Amino acid sequence: VQLQAYGGGLVQAGGYLRLSCAASGRTLSAYGMGWFRQAPGKEREFVGAIRGSGESTNYRDSVKGRFIISRDNAKNTLYLQMNSLKPEDTAVYYCAASTKGWVAVARLYDYWGQGTLVTVSS
């Protein structure tokens with residue numbers, strides 16, 4: 001599976017962005033999908049994940065109520081709607097696919113996109 005994340009950019013605090021992750025090579029519905037992020041000087045952290053069917057999601061506490069993960073398996077695309085953005089959301093965002101379900105642990109993901117930079121100004 002090849003993944004390509006896009007949609008990042010510069011936004012003011014309180015604004016919104018929608019990230020997309022396009023998949024090719026395999027049908028996306030077979031995978032749990034996740035979003036991770038890595039801020040400068042920090043370790044990569046879990047943002048959220050979605051079940052293969054799209055029926056269930058989970059998020060890290062700091063983005064609950066602000067971020068929404070969705071997927072369109074017919075289009076082989078994963079999304080991350082980010083609302084009420086804060087400067088601390090600034091990071092490179094990565095999408096990933098897992099054969100082990102919609103998990104929160106990075107090492108359980110098999111395929112990774114190249115990342116897209118989100119910068120939130122105060």
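Bear in mind the structure is a predicted one, so any value in this text is a computation, not a measurement. We use all heavy atoms of the structure for the numbers below, so side chains are in, but hydrogens, waters and symmetry mates are not.
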Side chain proximity check, Val63 to Arg37, heavy atoms < 4.5 angstrom: yes
Donor-acceptor contact below 3.5 Å, side chain Asp72 vs main chain Thr77: no
Residues that Tyr93 engages under ring-ring contact (aromatic ring centres under 6.0 Å, His included), provided they are two or more places apart: none
Transitive ILVMFWY side-chain link Trp102 to Tyr94, under 4.5 Å: no
Neighbour count above 12 (heavy atom, 6.0 Å) for Lys100 NZ: yes
Backbone of Phe46 reached by a side-chain donor or acceptor of Arg60 within 3.5 Å: yes
Salt bridge (Lys or Arg N to Asp or Glu O under 4.0 Å) partners for Arg66, two or more places apart: Asp89
Minimum-distance pair of heavy atoms, taken over all atoms of Ala13 and Ser122: CB-CA, 4.3 Å
Hphob cluster co-occupancy, Leu117 + Leu78, side-chain heavy atoms under 4.5 angstrom: no
Flag, side chain of Asn73 to backbone of Thr27, donor-acceptor distance under 3.5 Å: no
Under 3.5 Å: donor-acceptor pair, side chain of Arg71, backbone of Leu28: yes
Polar side-chain atom of Gln114 near backbone of Ala5 as donor-acceptor pair, under 3.5 Å: yes
Check: Thr57 side chain, Ile50 main-chain N or O, donor-acceptor pair, under 3.5 Å: no
Reported OG-to-CD distance for the pair Ser62 and Glu88, which is rounded to 0.5 angstrom: 8.0 Å
Minimum heavy-atom distance between Ala23 and Leu3, given as atom pair plus value: CB-CD2, 3.6 Å
Heavy-atom closest pair, residues Leu10 and Ser121: CD1-CB, 4.3 Å
Within one Ile-Leu-Val-Met-Phe-Trp-Tyr cluster: Leu80 and Val118, side-chain cutoff 4.5 Å: yes
Main-chain N/O of Leu108 paired to Ser98 side chain as donor or acceptor, under 3.5 Å: yes
Shared hydrophobic cluster, Tyr79 / Ile68 (ILVMFWY, side-chain heavy atoms < 4.5 Å): no
Shared hydrophobic cluster, Ile69 / Trp112 (ILVMFWY, side-chain heavy atoms < 4.5 Å): no
Approximate separation, where rounding is to 0.5 Å, of Met33 CE and Ser70 OG: 11.5 Å
Pairs flagged by side chain to side chain donor-acceptor pair (under 3.5 Å) wherever residues 3-22 is involved - sequence neighbours left out: none
Within 45° cone of Tyr31 ring axis and under 6.0 Å: Arg26 NZ or CZ: no
Tyr109 and Phe36 aromatic ring geometry - parallel, tilted or perpendicular at 30°/60° bounds: perpendicular
Validation row: Trp35, Phe67 side chains within 4.5 angstrom (heavy atoms): no
